[in-house]
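Just so you know, ligand 1 is whichever comes first in the structure, and atom 1 is the first atom listed for that ligand. Please read all numbers here as calculations on a predicted model, not as lab measurements.
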Amino acid sequence: MIVGPDRLAEAVEVLRRGGLVAFPTETVYGLGADASNPRAVERIFEAKGRPADHPLIVHIPASASLDRWAIDIPYAARRLVAACWPGALTVVLRKSPQVSIEVTGGLDTVGLRVPQQPLALSLLGAFGGGIAAPSANRFGRVSPTRAEHVAAELGDRVDLIIDGGPCRIGLESTIIDLTREPPEVLRPGGVDVETLEAVLETPVSHTASGEARAPGMLATHYAPRARVEIVQVADVARRVRERMEQKLRVGVLAPEPMDELPAGVVQLGPAGNAAAYARVLYARLREADARDLDVVVCIPPPPGGIGAAVRDRLQRAAMAR
Ligand code: TXA
Ligand code: MG
């Protein structure tokens, strides 16, 4: 059931009795449960159809509670959270003994984040504890950026869906593993690597896109039903014609408006610059499925800033088959 911000008190009650609450963050909608209640956390995995060895991110109300959830916190982590929280950065740290293995998928590390979204912060503040929340989609699918996406995908598997409108960033948080030296970016996302390097005053390494180093970072994540094909601008018209000759229903997603495309192609864009592209990407991929397209031909944005994260998600979507 989708409800407005006026129902936050009820959402807190649902969390306290071990239920599931979907809530908006600035990145994507999360499927939340009381992180201290292993049975509630198990319900997240059931609702998503997600394997139990995939770790969840714990959302916390403020960086002041970091030490309740993590131990051996390096100075680099303190600097990053001081600079980036609330925000689209998840830090992976050694877990404190109180964090259950249901949350971490059996790992001795935990992913933590203070989101930058007024409703999420109100919910966390009123609840008081940590809220474990993956993206509120079925396992392997595209993350939801609107309350209606959550309802369409999870229906009554979730007790309450708080509607906060469309997500401001539209792609998941950046995940950085601070248990290794140098720190390693496991997933590019809402905070770009250039920003992390500026804060840390040192280069950080990043896992080659598509590798599955962290559990849950399967190459085939973030995929719509339609096949995603990544094409450079110069090749779009030819690729679209080829696919249409194969009697496939074709859509195009590009940063700029495209002319000279064959009649009958579905224009899913223009997506705009990298930040705008990030904001609309998942909704456009959902639209491709809703319109029953077979193929979405995507022209990626330039790699700078959040463009890197958009390109990462496009590559994962393209690898899904
Ligand atoms: O923006 C986001 O991060 C959203 C919102 C809801 O916060 N959440 C999200 O959660 O994308 P999820 O579960 O869909 O993706 C979390 C990723 C997984 O790929 C998981 O492998 C990784 O975080 N992760 C969580 N804890 C980890 C850990 N201890 N070590 C390594 N990776 C971890
Ligand atoms: Mg996810």
What atoms of ligand 1 come within less than 4.0 Å of a heavy atom belonging to [X]?
X      : answer
His59  : 5 (C), 6 (C), 7 (O)
Ile175 : 17 (C), 22 (C), 23 (O)
Leu107 : 28 (C), 29 (N), 30 (N)
Gly30  : 6 (C)
Val92  : 28 (C), 29 (N), 30 (N)
Leu186 : 31 (C), 32 (N)

Got a salt bridge between [X] and [Y], using NZ or NE/NH1/NH2 to carboxylate O under 4.0 Å?
X      : Y      : result
Glu229 : Arg227 : yes
Arg43  : Glu102 : no
Arg78  : Asp67  : yes
Arg94  : Asp72  : yes
Arg79  : Glu201 : yes

Checklist outcome for this item: Restricting to heavy atoms, the pick from Leu56, Ile57, Ile44 nearest atom 16 (C) of ligand 1 would be Ile57
Item to check | Option whose closest heavy atom lies nearest to atom 13 (O) of ligand 1, chosen from Arg113, Glu26, Gln117, Arg50 | outcome: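 Minimum heavy-atom distance to atom 13 (O) of ligand 1 goes to Arg50.
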Item to check | Contact check, Arg187 vs ligand 1, heavy-atom distance below 4.0 Å | outcome: yes
Could you tell me whether some N/O pair between [X] and ligand 1 is separated by less than 3.5 angstrom?
X     : result
Thr27 : yes
Lys48 : no
Thr25 : no

Next on the checklist: When you compare the side chains of Thr27 and Ser173, does any donor N or O come within less than 3.5 Å of an acceptor on the partner?
Outcome noted: no
Item to check | Side-chain H-bond candidate by donor/acceptor type, Arg113 with Thr25, under 3.5 Å | outcome: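 A donor-acceptor contact under 3.5 Å links the two side chains.
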Next on the checklist: With a cut-off of 2.8 Å, does Ser143 put an N/O/S atom close enough to the Mg ion (ligand 2)?
Outcome noted: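 It does not: Ser143 brings no N, O or S atom closer than 2.8 Å to the Mg ion (ligand 2).
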Item to check | Minimum heavy-atom distance Val91-Trp85, with the two atoms named | outcome: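 Result for this residue pair: CG2-CZ2, 3.7 Å.
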Next on the checklist: Please give me the minimum heavy-atom distance between Gly129 and Leu124, naming the atom from each residue.
Outcome noted: O-CD2, 4.0 Å
Under a 4.0 Å heavy-atom limit, does [X] contact ligand 1 with its side chain, its backbone, both, or neither?
X      : result
Val110 : backbone
Thr109 : both
His54  : neither

Checklist entry - Transitively linked via ILVMFWY side-chain contacts under 4.5 Å: Val231 with Leu253? => result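 No.
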